[in-house]
Amino acid sequence: MKIKLDISTERYDEIKSMLEERGIEIDDTADLVLSTSTPFVQHLTVKEKDTNERIVLPVADIICIESFGRTVEIQTQESVYLATDRLYRLVSLLDPTSFLRISNSVVIATNQIKQIKPTLSSKFILTLTNGKRVDVTRSYYYIFKDHFHI
């Protein structure tokens, strides 16, 4: 059997050798293609805050996600929505290269940061594109710095 591999270069050699050990030939002209799919969602099902109507929200529209106890709000430029999942579950569904947890209760879209202000107490104050200001807490300070290579 011949298979074409359409996977990331990081795992290509590992998967290729594993398949070849099992008698599968790797060939770029093969009809069968083995590819990786992204485990991250592109849309979230949310509720409108005022009407409680269910909406399918593109992940690209999200600016930040904030938890207030059991209530989780998702903010976009236009509106605020209520999440149907808990914050930890949403974090596991979102691409970590695009979203970053900056405190126990806040996750931001990394491309929605307008301004970063450092403070003297090992914290950052972020201004997002919708004007909202959020703090990077001390617990997440070094994670934030590593993510942005600061």
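Under the 4.5 Å side-chain heavy-atom criterion for ILVMFWY residues, a single connected hydrophobic cluster contains both V106 and L128. L126 and Y141 end up in the same hydrophobic cluster when Ile, Leu, Val, Met, Phe, Trp and Tyr side chains are linked at under 4.5 Å. One hydrophobic cluster, built from ILVMFWY side chains closer than 4.5 Å, cannot hold both Y88 and F40; they sit in different ones. The same ILVMFWY cluster, assembled from side-chain heavy atoms under 4.5 Å apart, contains both Y81 and L90.
In terms of the ring-ring contact (aromatic ring centres under 6.0 Å, His included) criterion, F99 has no residue partners (sequence neighbours excluded). With sequence neighbours excluded, the residues forming a side-chain contact (heavy atoms from CB on, under 4.5 Å) with T129 are I63, Q77, Q112, listed by chain and number. Legend: residues meeting side-chain contact (heavy atoms from CB on, under 4.5 Å) with F148, ordered by chain and number and at least two apart, are L100, T110, I113, F144, I150.
Contact detail for A83 and V46: the closest heavy-atom pair is CA-CG1, 4.5 Å.
Within the 4.5 Å cutoff, the side chain of H43 has no heavy atoms near those of the V59 side chain. Contact annotation: the side chain of R101 approaches that of L87 to within less than 4.5 Å [non-hydrogen atoms, C-beta and beyond]. Inter-residue side-chain proximity for L32 and K2 is flagged as unmet; no heavy-atom pair is nearer than 4.5 Å. Considering only heavy atoms from C-beta on, T119 comes within 4.5 Å of I125 through its side chain. Between R89 and L93 the shortest side-chain heavy-atom distance falls below 4.5 Å.
With rounding to the nearest 0.5 angstrom, the CG atom of D135 is 8.5 Å from the OG atom of S121. Rounded to the nearest 0.5 angstrom, L57 CG and E78 CD are separated by 9.0 Å. Atoms SG and CD, from C64 and Q75 in turn, are 4.0 Å apart once rounded to the nearest 0.5 Å. To the nearest 0.5 angstrom, L44 atom CG is 12.5 Å from I55 atom CD1. The CZ atom of R86 sits 13.0 Å away from the OG atom of S92 when rounded to the nearest 0.5 Å. Residue I102 holds its CD1 atom at 10.0 Å from OH of Y140, rounded to the nearest 0.5 Å.
Hydrophobic clustering, defined by side-chain heavy atoms of Ile, Leu, Val, Met, Phe, Trp and Tyr closer than 4.5 Å, leaves L82 isolated from every other such residue.
Under a 3.5 Å cut-off, the side chain of S139 and the backbone N or O of S103 do not form any donor-acceptor pair.
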Between side-chain atoms of residues 65-74 and protein atoms elsewhere (two or more places apart, or another chain), which donor-acceptor pairs fall under 3.5 Å?
unit_1	atom_1	unit_2	atom_2	d
E66	OE1	K132	NZ	3.0
S67	OG	G69	O	3.2
E73	OE2	K49	NZ	2.7

Pairs of donor and acceptor atoms involving the side chains of residues 20-27, under 3.5 Å and at least two apart or interchain, shall be tabulated with distances.
unit_1	atom_1	unit_2	atom_2	d
R22	NH1	M18	O	3.1
D27	OD1	T29	N	3.1
D27	OD1	T29	OG1	3.0
D27	OD2	T29	OG1	3.0

